[in-house]
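Notes follow the structure.
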Amino acid sequence: MDPLSDIFSSLRIRKAKFTTLDATAPWGVVSNGDPSIKFVLVVRGSGVLTTRGNPEPVALRAGDVFIMFGDEPYRVYDHERSRIEDCLDVEALREGNRIQFGGGGTTTTFISGFFEIERLDVRPLLNVLPKLLHLRSEQNRSRAFQAVLELLAAEADSPGLGSDAVVRRLFELLFVHAIRAYSQQWGTAKTGWLAAVADKNLALAIEAMHADPQTPWTVDRLAQEAGMSRSAFAARFKDVVGQAPLAYLTEWRIYQAARLIEANASRISVIARRVGYQSEAAFTKAFRKVLGHAPSEYRKSVMSTAASKTSVFNEEMQEAA
């Protein structure tokens, strides 16, 4: 299994929300950032985007998609001299899933979505993706990606029965296709495993580790998977991924172990063996090094958080009743 499939198959998306925004010239919006992941599709019209980390203006055209990770402050506007309104003031104009604002001139329409993803799930992506991902309409896209964009625009334009659920699913697909498209872009600087999967030799070793994390991998065995000499493989892996092969393997094993602990799947000793550790002591040491807690402490924290969420849910249900 390749890392992208491995990560996507375990993503837990929650608190999904979408909005169709009709901005009439002159218009502008500013946000101090949001911890959720933000997706925007430009359906028609144009605009300009700037962020704290990328202050150079980014021109937006119909068909463009941009994704923002983390709490990056940003501005979107039609002209640098346009009045900029706070996103909270714009949000106050919401009617259902649609917002209309601006000066009454030419309309630019966006479909904007927000997702929250469990922190552990999104960590492997945040480690290798820029805070702003901009996919231009003129760049080559797969037919599947283009189909998702067209379905999303059509559903937002003419919502029908179950439209909220349909748009949420389409945004999940958009997320997958957008990151896949970014990973396949030529000339885009990439880091970590995302850079490794674009290397035909390193990709073989990465896929082997993801397919069989419990295997007692050595640098020699991974080099054989990659079809390279041990020294050449170790040097290229460190140069491309930014860490040694076995360090990458350790992080991936611990990520998988944390997922199993969250699922309350088995005893710690059983989970340790499932991810490649014969010694629980060695597993505990690696777990603490990667996540800062012992596995038992992590399990207690997960159980405490789950209990808190259940309590809040029950209170909300009682209030609703």
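Start at 1 with the first residue, then count along the sequence. These numbers come from a predicted model, not from an experiment.
Shortest non-hydrogen contact noted between Ala205 and Glu225 is CA-CB, 4.4 Å. When all heavy atoms of Phe69 and Pro130 are compared, the pair lying nearest together is CD1-O, 3.4 Å. The two residues Tyr74 and Lys38 come nearest to each other via the heavy atoms OH-CE, 3.1 Å. Considering every non-hydrogen atom in both Asp64 and Ser137, the closest pair reads OD1-N, 2.7 Å. Summarising the geometry of Asn201 relative to Ala226, their closest heavy-atom pair is ND2-O, 2.9 Å, with the distance given to 0.1 Å. Of all heavy-atom pairs between Pro55 and Thr50, the closest is O-CG2, 3.6 Å.
For the pair Arg253 and Tyr277, the cation sits on the ring face: its NZ or CZ lies under 6.0 Å from the ring centre, inside 45° of the axis.
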Criterion side-chain hydrogen bond (donor to acceptor under 3.5 Å, both in side chains) on Asn54 and Glu56, from CA distance to verdict
CA-CA 6 Å; Asn54 187 36; Glu56 288 299 313; over 6 Å; no

Trace of the side-chain hydrogen bond (donor to acceptor under 3.5 Å, both in side chains) decision for Arg94 with Thr19
CA-CA 9 Å; Arg94 172 185 295 276; Thr19 303; 2.6 Å; yes

Could you please spell out the steps behind the side-chain contact (heavy atoms from CB on, under 4.5 Å) verdict for Asn97 and Thr20?
CA-CA 6 Å; Asn97 287 325; Thr20 299; 5.9 Å; no

Starting from the C-alpha separation in whole Å, work towards a yes-or-no answer on side-chain contact (heavy atoms from CB on, under 4.5 Å) for Ile67 and Ile37.
CA-CA 7 Å; Ile67 304 176; Ile37 296 175; 3.8 Å; yes

Run Leu149 and Gln146 through side-chain contact (heavy atoms from CB on, under 4.5 Å) and show every step you take.
CA-CA 5 Å; Leu149 294 175; Gln146 191 59 37; 4.0 Å; yes

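A single hydrophobic cluster is not seen to contain both Leu41 and Val58; linkage of ILVMFWY side chains at heavy-atom distances under 4.5 Å, directly or through other members, places them apart. Residue Trp193 is grouped with residue Val219 when hydrophobic side chains (ILVMFWY) are merged at heavy-atom distances under 4.5 angstrom, including chains of intermediate members. Under a hydrophobic-cluster definition in which Ile, Leu, Val, Met, Phe, Trp and Tyr are linked whenever side-chain heavy atoms come within less than 4.5 Å, directly or via other members, Val29 and Leu132 are assigned to the same cluster. Hydrophobic clustering of Ile, Leu, Val, Met, Phe, Trp and Tyr side chains at less than 4.5 Å, counting indirect connections, keeps Val43 apart from Val90. Hydrophobic cluster membership differs between Val40 and Ile179, with clusters built from Ile, Leu, Val, Met, Phe, Trp and Tyr side chains linked at under 4.5 angstrom.
Note that CZ of Phe18 is 12.5 Å distant from CZ of Phe114, once rounded to the nearest 0.5 Å. For the atom pair CG of Leu152 and CZ of Arg169, the computed distance is 13.5 Å after rounding to the nearest 0.5 Å. Note that CZ of Arg267 and CD1 of Ile261 are 13.5 Å apart. Values are rounded to the nearest 0.5 Å. The OG1 atom of Thr250 sits 10.0 Å away from the CE atom of Met209 when rounded to the nearest 0.5 Å. Distance check: Glu280 CD to Lys285 NZ gives 15.5 Å after rounding to the nearest 0.5 Å. Rounding to the nearest 0.5 Å gives a distance of 6.5 Å between CG of Leu222 and CG of Leu246.
Residues Arg299 and Ile271 have side chains in contact (heavy-atom distance under 4.5 Å, counting atoms from C-beta outward). Taking 4.5 Å as the limit, every side-chain heavy atom of Val270 sits out of range of all side-chain heavy atoms of Leu260. At least one side-chain heavy atom of Arg273 sits less than 4.5 Å from a side-chain heavy atom of Gln278. Here the side chains of Leu49 and Phe66 are in contact, with some heavy-atom distance below 4.5 Å. Side-chain contact between Pro26 and Arg83: absent, with no pair of heavy atoms (C-beta onward) separated by less than 4.5 Å. Using a 4.5 Å cut-off on side-chain heavy atoms (C-beta onward), Arg221 and Thr218 make contact. Looking at Gln224 and Arg230, their side chains never come closer than 4.5 Å, going by heavy atoms from C-beta outward. When side chains are defined from C-beta on, Leu194 counts as touching Leu129, because their heavy atoms get closer than 4.5 Å.
At most 12 heavy atoms of other shown residues, nucleotides or ligands fall within 6.0 angstrom of atom CZ in Arg180. Asp86 CG: more than 12 foreign heavy atoms inside a 6.0 Å radius.
When the salt bridge (Lys or Arg N to Asp or Glu O under 4.0 Å) test is applied to Arg75, no partner is found at least two apart in sequence or on another chain.
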Per-pair distances, 0.1 Å, donor-acceptor, side chain in residues 99-110, under 3.5 Å, sequence neighbours excluded:
unit_1	atom_1	unit_2	atom_2	d
Thr108	OG1	Ser46	N	3.3
Thr108	OG1	Ser46	O	3.1
Thr109	OG1	Asp22	OD1	2.8
Thr109	OG1	Arg44	NH1	3.0

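In this structure, Glu72 contributes its side chain and Gly53 its backbone to a donor-acceptor pair below 3.5 Å. Of the possible polar contacts, none joining the Trp27 side chain to the Ile84 backbone as a donor-acceptor pair under 3.5 Å is found. Panel note: side chain Asp212, backbone Thr215; no donor-acceptor pair is recorded below 3.5 Å. Remark: the backbone N or O of Ala147 is not paired with any side-chain donor or acceptor of Glu150 at under 3.5 angstrom.
Relative orientation of the Tyr248 and Phe237 rings is perpendicular, given thresholds of 30° and 60° on the angle between their planes.
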